[in-house]
There are 2 protein chains.
Amino acid sequence: MLPGMTATRSTRQRDVISRVLDGAEGPLTVGEVLRRAQTDLPGLGIATVYRTLKLLTEQRRIHPVALDGETLYEPSGRGHHHHFSCTSCHRVFTLHSCPLSLPAGSVYPGGFVVEAHEVTLYGRCPQCAATG
Amino acid sequence: MLPGMTATRSTRQRDVISRVLDGAEGPLTVGEVLRRAQTDLPGLGIATVYRTLKLLTEQRRIHPVALDGETLYEPSGRGHHHHFSCTSCHRVFTLHSCPLSLPAGSVYPGGFVVEAHEVTLYGRCPQCAATG
DNA sequence: GTGCCTGCAAACTTTTTGCAGTGCG
DNA sequence: CGCACTGCAAAAAGTTTGCAGGCAC
């Protein structure tokens with residue numbers, strides 16, 4: 001480790017929070033991370049969740065997803081993907097295909113140099129479409 | 001007017017806030033709406049901005065746009081469009097073309113019934129691309 | 001044993017609500 | 001002139017920070 005750097009410890013809290021995010025079906029809100037992590041670690045505090053999400057984000061192990069004005073978190077390194085937000089049950093799903101062909105470096109009409117893109121689809125998830 | 005319904009009045013505050021949104025180059029944050037509206041109406045309070053944005057949203061005259069965890073507002077009825085968020089100057093622009101062909105009712109791989117979609121492009125705006 | 005990490009509580013920030021006065025219709 | 005609307009201030013909700021004790025290493 002470089003001089004001046006501080007160590008980052010492995011703790012039960014951080015392990016549980018990472019595991020919750022890794023095992024989720026899609027990105028989670030702060031509250032949802034807390035709730036799920038507390039089933040393993042009842043005493044876990046919300047401040048630790050915020051601090052850990054910030055730490056993991058700085059380490060690029062997870063990243064925030066802005067959706068409907070909420071900030072959700074999901075693990076990084078799962079490749080390019082997008083999200084589907086169900087207007088009925090309000091769950092968010094991860095979509096593994098991309099409907100868009102816009103490689104980084106493309107120039108969009110008007111002179112906008114595209115570095116990245118985000119697509120969110122809204123509608124009814126398979127379950128809600130069948131039910132409703 | 002139907003019985004039980006309450007009237008909605010036209011006021012200087014509402015007019016100014018609507019005008020600010022109509023004249024903006026892209027969607028605005030609550031704080032930005034307040035700041036711009038106050039140049040015309042210095043005494044305007046933040047509570048009135050929140051209440052008016054909520055009212056205009058219920059009337060479908062404007063709608064919220066989720067972007068980077070912030071909620072921005074823009075006028076409705078300007079047709080299908082998307083947004084470009086500049087990673088350098090952090091301004092948000094409105095894009096008048098759509099890179100995506102996904103009509104409402106399409107079924108996306110996995111059985112997701114699409115009602116709407118949102119695309120956000122990230123990168124450098126024409127100005128920042130030229131400067132930087 | 002050292003000092004990073006945690007839980008709790010207090011401090012901030014952002015959004016909502018209550019209330020008395022104001023002004024639209 | 002009645003009552004919806006506004007500004008102010010307090011309340012509620014969401015996020016960050018300070019601190020004393022606990023635990024990883």
Side-chain angles (χ1 to χ4, degrees), chain A residues 1-21 27-59 61-74 90 92, chain B residues 1-21 27-59 61-74 90 92:
Chain A
M1 195 161 52
L2 275 61
M5 251 192 135
T6 54
T8 294
R9 291 181 180 168
S10 162
T11 67
R12 184 138 175 61
Q13 286 82 347
R14 292 178 181 177
D15 291 348
V16 170
I17 291 170
S18 292
R19 199 167 341 118
V20 161
L21 288 163
L28 302 179
T29 62
V30 174
E32 192 58 24
V33 170
L34 176 67
R35 206 181 63 69
R36 295 190 188 191
Q38 282 184 333
T39 65
D40 275 11
L41 242 159
L44 180 64
I46 184 74
T48 298
V49 173
Y50 277 107
R51 281 188 283 230
T52 301
L53 291 175
K54 188 180 203 179
L55 177 73
L56 294 174
T57 300
E58 284 163 359
Q59 296 179 339
R61 310 226 302 103
I62 66 174
H63 61 264
V65 177
L67 216 143
D68 284 318
E70 290 235 84
T71 301
L72 315 191
Y73 291 85
E74 69 181 1
H90 298 103
V92 175
Chain B
M1 193 161 54
L2 275 60
M5 252 192 131
T6 54
T8 294
R9 291 179 181 171
S10 163
T11 67
R12 184 137 175 61
Q13 286 82 348
R14 291 178 182 177
D15 292 348
V16 170
I17 291 170
S18 292
R19 199 167 341 118
V20 162
L21 288 164
L28 302 179
T29 61
V30 174
E32 193 57 24
V33 171
L34 177 67
R35 206 181 63 68
R36 296 189 187 191
Q38 282 183 333
T39 64
D40 275 11
L41 242 159
L44 180 65
I46 184 74
T48 297
V49 173
Y50 276 107
R51 281 189 282 229
T52 301
L53 291 175
K54 188 180 202 177
L55 177 72
L56 293 174
T57 299
E58 282 163 0
Q59 295 179 340
R61 311 228 300 106
I62 65 174
H63 62 263
V65 177
L67 217 143
D68 283 317
E70 290 235 83
T71 301
L72 315 190
Y73 291 86
E74 69 181 0
H90 297 102
V92 175

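For the numbers below, each heavy atom of this structure counts, side chains included, while hydrogens, waters and symmetry mates do not.
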Shorter than 3.5 Å, N or O on both sides, protein versus nucleotides 22-25 of chain D: list them out with atom names.
residue : atom : partner : partner atom : Å
D/dA24  : O3'  : A/S10   : O            : 3.3
D/dA24  : N3   : A/R9    : NH1          : 3.4
D/dC25  : OP1  : A/S10   : N            : 3.2

Taken in chain and number order and not counting sequence neighbours, the residues that satisfy salt bridge (charged side-chain N to carboxylate O under 4.0 Å, His left out) with A/R36 are A/E25, A/E32

The helix from C/dG1-D/dC25 to C/dG25-D/dC1: angle between terminal helix axes, five bp per end, to the nearest 10 degrees, reads 30°

Return the minimal non-hydrogen interatomic distance between A/L67 and B/A66, and the atom names on each side. C-CB, 4.1 Å

To the nearest 0.5 Å, what is the distance between NZ on B/K54 and OG1 on B/T57? 10.0 Å

Are any non-hydrogen side-chain atoms of A/P27 and A/Y73 less than 4.5 angstrom apart? no

Measure CG/A/D15 against C1'/C/dC5 and give the value in whole Å, please. 13 Å

For residues 31-38 of chain B, which residues have at least one heavy atom under 4.0 Å from DNA chain C? none

Side chain to side chain contact (heavy atoms under 4.5 Å, CB included) with B/Q38: which residues, sequence neighbours excluded? B/L34, B/L44

Write down the distance between CG (B/L44) and P (C/dG23), rounded to a whole number of angstrom. 15 Å

Would you list the protein and nucleotides 16-18 of chain D atom pairs, both N or O, that sit under 3.5 Å from each other?
residue : atom : partner : partner atom : Å
D/dG18  : O6   : A/R51   : NH1          : 3.3

Test side-chain contact (heavy atoms from CB on, under 4.5 Å) on A/L53 and A/L21 and set out the steps. CA-CA 10 Å; A/L53 291 175; A/L21 288 163; 3.9 Å; yes

Here the gap from A/L56 atom CG to A/T8 atom OG1, rounded to the nearest 0.5 Å, amounts to 10.0 Å

Which residue in the set A/D40, A/T11, A/V49 passes side-chain contact (heavy atoms from CB on, under 4.5 Å) when paired with A/I17? A/V49

Starting at atom CD of A/E58, determine the distance to atom C1' of C/dC5, rounded to an integer number of angstrom. 15 Å

Using a cut-off of less than 4.0 Å, is there contact between a side-chain N or O of B/Q13 and OP1 or OP2 of C/dG23? no

Kindly compute the distance separating CD (B/Q13) from OG1 (B/T52), expressed to the nearest 0.5 Å. 7.5 Å

Taking CG from B/L55 and P from D/dC5, how many angstroms apart are they, rounded to a whole number? 7 Å

Please report, rounded to the nearest Å, how far the P atom of D/dT6 is from the CG atom of B/D40. 15 Å

